[in-house]
J.: 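This is the structure I have questions about; it appears just below.
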Amino acid sequence: MEILHVAAECYPVAKAGGLGDVVGALPKYQAELGHVAKVVMPMYRTKFLYDNQWELVHEGGQHIGSHYFHYSIIKEKTNKLGFDLYLVDINGLLDREKIYGYDDDTERFLSFQVAVCDWLNKWSHKPDVIHCHDHHTGLIPFMVKYALEFRDKLADIPTVFTVHNAQYQGWIGWDKYYLLPSFDSWKWGMLDWDKTINPLASAVKCAWKVTTVSHSYLDELKGAANGLENLFGYEQGKSLGILNGIDTQVWDPITDSLIAKNYDKELVEKGKRKNKKELAGQFGLDPDKPLISFIGRLVGEKAADLLPEAISQSIYQHSGHANFLVLGSGDPNLEDQLDHMNHQFKGYFNSYIGYSESLSHLMYAGSDFLLMPSRVEPCGLNQMYALRYGTVPMVRNIGGLRDTVTDMGDPEGFGIRFDQASVGDITYSVGRAIDLYNNKPDLYTWMRSHMMTIDHSWDSSAQQYIDLYQSLK
Ligand code: ADP
């Protein structure tokens, strides 16, 4: 099959979170299964752009409203990612350093989507499926079906839309509807949710199939979807959950070049100790105490706001028997609080505020426990990386965390689970972690070696997507 993935992120070209990891890995595994997988994304000014060779494959011009823009499609020359990578260059709109966070993000991602449809409209041979990811590409299923300029040639290409995160929906006021390409006006309802143009809702309505990145998340969306609960209920017939995998070539403690010491299941204890020593040295922590880390966006979804109180309480209640390390960025108040705690709890707690791919690898390798108290977790990749690196996940019982982590109190359980995103539940779980680390060496050793053998690679999920595409033929 020929699959065209459309997304705002793709690792290692540009990544802000799990979306980037997925779009960087899924096509590679689909190509390994013998399919032609292509990714098209915006051309940002990232290191990857400057470090690689590109060829121009198409140029065109389009409008958003009365604004004319010229676009170019460039392709990475060597196929080094294992799939065909295309970037859409729109001068002045997409070619910026950050992926998101600009006042004109609406115009940026709208023009990206229009350019992709315009380019596709010129293909003599069409792909078998267009697979769109998250709201930045959510208007494509509508445009190919109902935009006057595109529907003749594109309406019969099946579209699949994957919801990686339903919290962000890309809302556009109806006062900006003129930015969209002319469409069959009877179909305005396919864009609307609650009197707003809602790209995520539109994709759920218009795509041929909708997937979520875990089974539990699909169920949970019917009860909590930032206003779209009923929509997910109506559309459940065409929706299914497919659990994300991880790229086991990028995330492998045996070969990872970003960690201090490589290790496998047999050498896990020694290997982790060496990596922890490196981390402890960098952050002024005690390598003999259990190290509990948090990696992620400092936002309410991840319950990052609970970290200051939960970590201080844990340090007091458990008499400093554990150390804590946080890597993340997000809410500026929270960043300040964590920064302040670096001094207050020197020797027990430290944080790195910012984004660091290499530090994240070292933390998965050198931490003993990875804390994820998320309020919402569509899939979560961190816990799967933790498992692969022999780091015990401490997770709230929700979404993809529920689907991938079992509690050590259950038969064959290999993680620590708790029910509430609360200071009390986190502090209690920290106590369980300290007890496991200090008093249950046999269980701890068994858990580590067991978790490292769990297969979370993309092999089976990549095939599930192929089966889904094939059902649309
Ligand atoms: P989400 O996409 O909701 O942020 P996921 O668990 O799906 O959460 O994916 C998070 C990805 O982003 C993981 O690869 C994680 O290691 C990475 N990540 C998050 N924050 C940072 C950071 N500050 N520095 C480095 N990597 C980060």
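For clarity, every value in this text was computed on a predicted model and none was experimentally measured. All ligand and atom numbering here is 1-based and tracks the order in the structure. Numbers here are sequence positions counted from 1.
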J.: Show me which atoms of ligand 1 lie under 4.0 Å from any heavy atom of G354.
T.: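 So the atoms of ligand 1 that pass are 22 (C), 23 (N).
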J.: Does the plane of the ring in H450 sit parallel, tilted or perpendicular to the ring in W446? Use 30° and 60° as the thresholds.
T.: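 If you compare the ring of H450 with that of W446, the planes turn out parallel.
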J.: Would you name the heavy atoms of S360 and W251 that are closest together and state the gap between them?
T.: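 For S360 versus W251, the nearest heavy atoms are OG-CH2, 4.0 Å.
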J.: Less than 6.0 angstrom from the centroid, inside 45 degrees of the normal: does R448 satisfy that with respect to the ring of Y444?
T.: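 The answer is yes, since R448 meets both limits relative to Y444.
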J.: Ring centroids only, cut at 6.0 angstrom: are H35 and Y469 within range, meaning strictly under it?
T.: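 That pair fails the under 6.0 Å test.
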J.: Considering only non-hydrogen protein atoms, determine which one is nearest to atom 25 (C) of ligand 1 and report residue, atom name and distance to 0.1 Å.
T.: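 Of every protein heavy atom, S356 O, 3.2 Å lies nearest to atom 25 (C) of ligand 1.
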J.: Residue-level breakdown please: for Y364 versus ligand 1, do any non-hydrogen atoms fall below 4.0 Å on the side chain, on the backbone, on both, or on neither?
T.: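 Contact part for Y364 vs ligand 1: side chain (C-beta onward).
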J.: Going by the atom numbers of ligand 1, which of them fall below 4.0 Å from some non-hydrogen atom of Y385?
T.: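 In order of number, 13 (C), 14 (O).
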J.: Do any nitrogen or oxygen atoms of M372 come within less than 3.5 Å of a nitrogen or oxygen of ligand 1?
T.: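 No, M372 has no N/O under 3.5 Å of an N/O on ligand 1.
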J.: Given E301, Q383, K302, identify the one with the heavy atom nearest to atom 3 (O) of ligand 1.
T.: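 Result: the heavy atom closest to atom 3 (O) of ligand 1 is in K302.
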J.: Hey, is D21 touching ligand 1 through its side chain, its backbone, both or neither, going by heavy atoms under 4.0 Å?
T.: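 D21 to ligand 1: side-chain contact only, backbone stays beyond 4.0 Å.
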J.: Do any nitrogen or oxygen atoms of A16 lie less than 3.5 angstrom from nitrogen or oxygen atoms of ligand 1?
T.: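 Min N/O separation from ligand 1 is not below 3.5 Å for A16.
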J.: Side chains of Q463 and D467: is there a donor and an acceptor less than 3.5 Å apart?
T.: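 Yes - a donor-acceptor pair under 3.5 Å links their side chains.
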J.: Tell me, do Q282 and Y352 make a side-chain contact under 4.5 Å, heavy atoms counted?
T.: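 Of all side-chain heavy-atom pairs linking Y352 with Q282, none is under 4.5 Å.
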J.: Are side-chain N/O atoms of E301 and Y168 paired as donor and acceptor at under 3.5 Å?
T.: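 Yes.
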J.: Looking only at protein heavy atoms, which one is nearest to atom 20 (N) of ligand 1, and what is the separation?
T.: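 For this ligand atom, the closest protein heavy atom is G296 CA, 3.5 Å.
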J.: Does an N or O anywhere in K15 fall below 3.5 Å from an N or O of ligand 1?
T.: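 Yes; at least one N/O pair falls below 3.5 Å.
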J.: Please check whether N382 reaches ligand 1 - meaning an N/O of the residue sits under 3.5 Å from an N/O of the ligand, judged on distance alone.
T.: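 Yes, since at least one N or O of N382 sits under 3.5 Å from an N or O of ligand 1.
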J.: If we only consider heavy atoms of P378, is any one of them less than 4.0 Å away from an atom in ligand 1?
T.: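 For ligand 1, residue contact (heavy atoms, under 4.0 Å) with P378 is absent.
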J.: To which protein heavy atom is atom 18 (N) of ligand 1 closest, and what is the distance rounded to 0.1 Å?
T.: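 The protein heavy atom lying closest is Y355 CE1, 4.0 Å.
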J.: Quick check: G380 and ligand 1, any N/O pair under 3.5 Å apart?
T.: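 Looking only at distances, the answer is no, because the N/O contact criterion of under 3.5 Å is not met.
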J.: Ignoring angles and geometry beyond distance, decide whether R297 reaches within less than 3.5 Å of ligand 1 through its nitrogen or oxygen atoms.
T.: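 Yes, since at least one N or O of R297 sits under 3.5 Å from an N or O of ligand 1.
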J.: Which atoms form the tightest heavy-atom contact between A304 and R297, and what is the distance?
T.: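 Reported closest heavy-atom pair: CB-O, 4.1 Å.
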J.: Would you check whether E357 has a nitrogen or oxygen atom less than 3.5 angstrom from a nitrogen or oxygen atom of ligand 1?
T.: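 Among all N and O atoms of E357, none is under 3.5 Å from an N or O of ligand 1.
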J.: Quick test: of every protein heavy atom, which one is nearest to atom 7 (O) of ligand 1, and how far off is it to 0.1 Å?
T.: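 The answer is G18 CA, 3.4 Å.
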J.: Do H131 and Y465 have their ring centres less than 6.0 Å from each other?
T.: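 Yes, the ring of H131 comes within the 6.0 Å limit of the ring of Y465, centre to centre.
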J.: With N397, which of E377, R417, Q420 fulfils side chain to side chain donor-acceptor pair (under 3.5 Å)?
T.: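 Only one option passes, and that is R417.
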J.: What's the verdict on salt bridge (charged side-chain N to carboxylate O under 4.0 Å, His left out) for K205 and D192, showing C-alpha distance, side-chain angles and the deciding distance?
T.: CA-CA 10 Å; K205 293 179 186 184; D192 183 80; 5.6 Å; no
